[in-house]
Amino acid sequence: MSKAVCLCSGGLDSTVAATIARRSGMDVYLIHVSYGQQAELREIEAVRRIAGAIGASDLMLSTLDLFRGLSALTTSCARIPQGVEVSLDSYSTPPTWVYCRNTVLLSMAAAYAEYLGAESIYVGFNAEEAMSYPDNRPEFVERFNALLERAVASFSRPPKVVAPLVDMRKNEIVRLGTEIKAPLELTWSCYLDGEIHCGTCESCQHRRRGFVEAGVPDPTEYLH
């Protein structure tokens with residue numbers, strides 16, 4: 001059985017991507033990285049449940065201190081933009097940007113994939129977030145794959161980053177996730193660490209709009 005490493009935050013997009021890998025018959029290994037994000041404990045809870053729900057072969061929980069305190073997302077006392085402060089269709093990168101995050105996390109996933117002999121690394125990059133986050137774009141995936149061709153040992157086959165949602169918006173991802181029975185109800189999207197989703201941060205607003213535009217009942221409980 002082919003192996004796939006799935007970089008999973010516990011959120012909607014990476015969960016759908018991991019479910020696609022599993023439904024295609026691949027042996028799935030999830031990796032989640034705690035890098036100081038305010039919601040890291042909620043994400044870990046979610047990704048543990050998701051691993052069980054999709055039948056993942058293993059879940060690696062890794063910790064990285066590099067990003068702590070370097071972004072609003074990774075500073076415990078920092079204020080996260082909410083409500084009208086958020087522009088969902090902006091091309092400007094918001095203060096929740098974590099410097100070169102996907103480059104670093106994908107490198108970690110690639111190291112894990114080379115160790116396992118996995119042929120693929122699945123990610124949840126998508127067109128909606130690519131508007132303001134350049135490391136979600138097809139060009140990023142293409143160039144990272146080119147780098148991987150020169151990044152592994154002579155006895156290894158380079159894994160390939162697979163981004164099945166890269167041309168999709170959130171409503172399309174919700175529809176697809178529903179069709180393939182991804183455990184959307186187990187996912188955590190909020191940037192904050194409350195008992196339930198805040199409903200007003202950028203990630204919550206993308207999530208809510210996705211379900212509304214998809215015409216799919218939203219299983220999420222929101223504070224606001």
Q.
side-chain contact (heavy atoms from CB on, under 4.5 Å), that's the test. Do Trp188 and Glu45 meet it? Break it down for me.
A. CA-CA 9 Å; Trp188 182 268; Glu45 291 171 2; over 6 Å; no
Q: Start with the C-alpha distance between Thr187 and Arg207, add both sets of side-chain angles, then the distance that settles side chain to side chain donor-acceptor pair (under 3.5 Å), and finish with yes or no.
A: CA-CA 11 Å; Thr187 58; Arg207 181 186 180 101; 2.9 Å; yes
(Q) salt bridge (charged side-chain N to carboxylate O under 4.0 Å, His left out) for Asp13 and Lys170? Distances and angles first, verdict last. (A) CA-CA 8 Å; Asp13 311 312; Lys170 199 72 70 174; 2.8 Å; yes
Q | Donor-acceptor contact present, side-chain Glu129 to main-chain Asn136, <3.5 Å | A | no
Q: May I ask you to decide if Thr200's main-chain N or O and Gln82's side chain share a donor-acceptor pair within less than 3.5 Å?
A: no
(Q) So, taking the atom named OG1 in Thr75 and the one named CG in Leu70, what distance separates them when rounded to the nearest 0.5 Å? (A) 7.0 Å
Q) Under a 4.5 Å cut-off applied to non-hydrogen side-chain atoms, are Leu30 and Asp58 in contact? A) no
**Q.** Linked, directly or transitively: Val33 and Leu61 (ILVMFWY side chains, under 4.5 Å)
**A.** no
Q. Would a 4.5 Å heavy-atom cut-off, applied to side chains only, mark Pro94 and Tyr133 as touching?
A. yes
Q | Intermediate values then yes/no, side-chain contact (heavy atoms from CB on, under 4.5 Å), Val161 and Val123 | A | CA-CA 7 Å; Val161 178; Val123 293; 3.9 Å; yes
Q) Roughly how far apart are Asp27 CG and Ser2 OG, rounded to 0.5 Å? A) 9.0 Å
Q | Pro95 vs Trp97 side-chain heavy atoms within contact, under 4.5 Å | A | no
Q | Same apolar cluster: Leu106 and Leu66, side chain cutoff 4.5 Å | A | yes
Q | Test item: Glu40 side-chain N/O and Asp193 main-chain N/O as donor-acceptor pair under 3.5 Å | A | no
Q | In one Ile/Leu/Val/Met/Phe/Trp/Tyr side-chain cluster, 4.5 Å: Tyr112, Ile54 | A | no
Q: Verify the cluster assignment for Val104 and Leu73: are they in a single hydrophobic cluster under the rule of side-chain heavy atoms below 4.5 Å apart?
A: yes
Q: I would like to know whether His206 and Glu128 meet side chain to side chain donor-acceptor pair (under 3.5 Å); could you show each step before the answer?
A: CA-CA 9 Å; His206 275 296; Glu128 190 160 319; 2.4 Å; yes
Q: Would you check, one step at a time, whether the test side-chain contact (heavy atoms from CB on, under 4.5 Å) holds for Ser14 with Cys6?
A: CA-CA 8 Å; Ser14 59; Cys6 300; over 6 Å; no
Q.
Testing the basics here: between Ala109 and Leu7, what is the closest heavy-atom pair and its distance to 0.1 Å?
A. CB-CD1, 4.5 Å
Q | Closest non-hydrogen atom pair, Gly199 against Cys204 | A | N-SG, 3.3 Å
Q: Would you confirm whether Asn126, through its side chain, and Gly124, through its main-chain N or O, come within 3.5 Å as a donor-acceptor pair?
A: yes
Q. Ser189 side chain to Ser203 main-chain N or O, any donor-acceptor pair under 3.5 Å?
A. no
Q. Closest heavy-atom contact between Met108 and Ser62?
A. CE-OG, 3.3 Å
Q) Side chains of Thr74 and Tyr35: closer than 4.5 Å at any heavy-atom pair? A) yes
(Q) Can you give me the closest heavy-atom contact between Ala18 and Val28, atom names plus distance? (A) O-CG2, 4.2 Å
Q.
Testing the basics here: between Arg175 and Ala214, what is the closest heavy-atom pair and its distance to 0.1 Å?
A. NE-O, 3.5 Å
**Q.** Distance, nearest 0.5 Å, that separates CD1 of Ile121 from CZ of Phe144
**A.** 6.5 Å
Q.
As an exercise, state the distance from SG of Cys8 to CG of Leu105, rounded to the nearest 0.5 Å.
A. 12.0 Å
Q. Run the salt bridge (charged side-chain N to carboxylate O under 4.0 Å, His left out) check on Asp135 and Arg143 step by step: do they pass?
A. CA-CA 11 Å; Asp135 58 0; Arg143 295 190 181 197; over 6 Å; no
Q.
Can you tell whether the side chains of Asp218 and Arg209 come within less than 4.0 Å, N to carboxylate O?
A. no
Q.
Using a 3.5 Å distance criterion without hydrogens, assess whether the side chain of Arg23 forms a donor-acceptor pair with backbone atoms of Ile180.
A. yes
Q) Hey, does the side chain of Ser90 reach the backbone of Ser87 with a donor-acceptor pair shorter than 3.5 angstrom? A) no
(Q) Applying salt bridge (charged side-chain N to carboxylate O under 4.0 Å, His left out) to Glu119 and Arg157, what does each step give before you reach the verdict? (A) CA-CA 7 Å; Glu119 65 180 44; Arg157 178 181 61 184; 3.7 Å; yes
(Q) Could you check whether any side-chain heavy atom of Leu184 comes within less than 4.5 Å of a side-chain heavy atom of Val16, counting everything from C-beta outward? (A) yes
Q) Sub-3.5 Å donor-acceptor pair from the side chain of Gln37 to the main-chain atoms of Arg68, do we have one? A) no
Q: Check the pair Glu114, Ser156 against side chain to side chain donor-acceptor pair (under 3.5 Å), reporting the backbone distance first and the verdict last.
A: CA-CA 7 Å; Glu114 185 183 7; Ser156 296; 2.7 Å; yes
Q | For Ala118 against Pro159, the heavy-atom pair lying closest together | A | O-CB, 3.6 Å
Q | Donor-acceptor contact below 3.5 Å, side chain Glu213 vs main chain Gly210 | A | no
Q | Side chains of Arg101 and Ser71, donor plus acceptor under 3.5 Å | A | no
Q: Applying side chain to side chain donor-acceptor pair (under 3.5 Å), run through Glu43 and His32 and close with a yes or a no.
A: CA-CA 8 Å; Glu43 290 185 7; His32 175 275; 3.0 Å; yes
Q: Say whether Val5 and Val141 are linked into one hydrophobic cluster, either directly or through other cluster members, by side-chain heavy-atom distances under 4.5 angstrom.
A: yes
Q) Is the side chain of Ser9 donor-acceptor paired with the backbone N or O of Gly11 at a distance under 3.5 Å, no angle test? A) yes
Q) Between CD1 of Ile20 and OG1 of Thr15, what distance do you get to the nearest 0.5 Å? A) 11.0 Å
Q. Mind checking whether Leu148 and Asn145 have side chains closer than 4.5 Å, heavy atoms only?
A. yes
Q: State, yes or no, whether a side-chain contact exists between Thr103 and Phe140 at a heavy-atom distance under 4.5 Å.
A: yes
Q) Can you tell me how far CZ of Arg42 sits from SG of Cys190, rounded to the nearest 0.5 angstrom? A) 10.0 Å
Q) Tyr191 and Gln38: side-chain contact (heavy atoms from CB on, under 4.5 Å), yes or no, with the steps? A) CA-CA 6 Å; Tyr191 284 154; Gln38 292 191 32; over 6 Å; no
Q | Sub-4.5 Å side-chain heavy-atom contact between Leu59 and Tyr29 | A | no
(Q) Taking the basic N atoms (NZ, or NE/NH1/NH2) and the acidic carboxylate oxygens, is any pair closer than 4.0 Å for Glu185 and Arg49? (A) no
Q: Any chance you could lay out the salt bridge (charged side-chain N to carboxylate O under 4.0 Å, His left out) test for Arg137 and Glu142, step after step, and finish with the verdict?
A: CA-CA 9 Å; Arg137 295 171 187 163; Glu142 292 168 7; over 6 Å; no
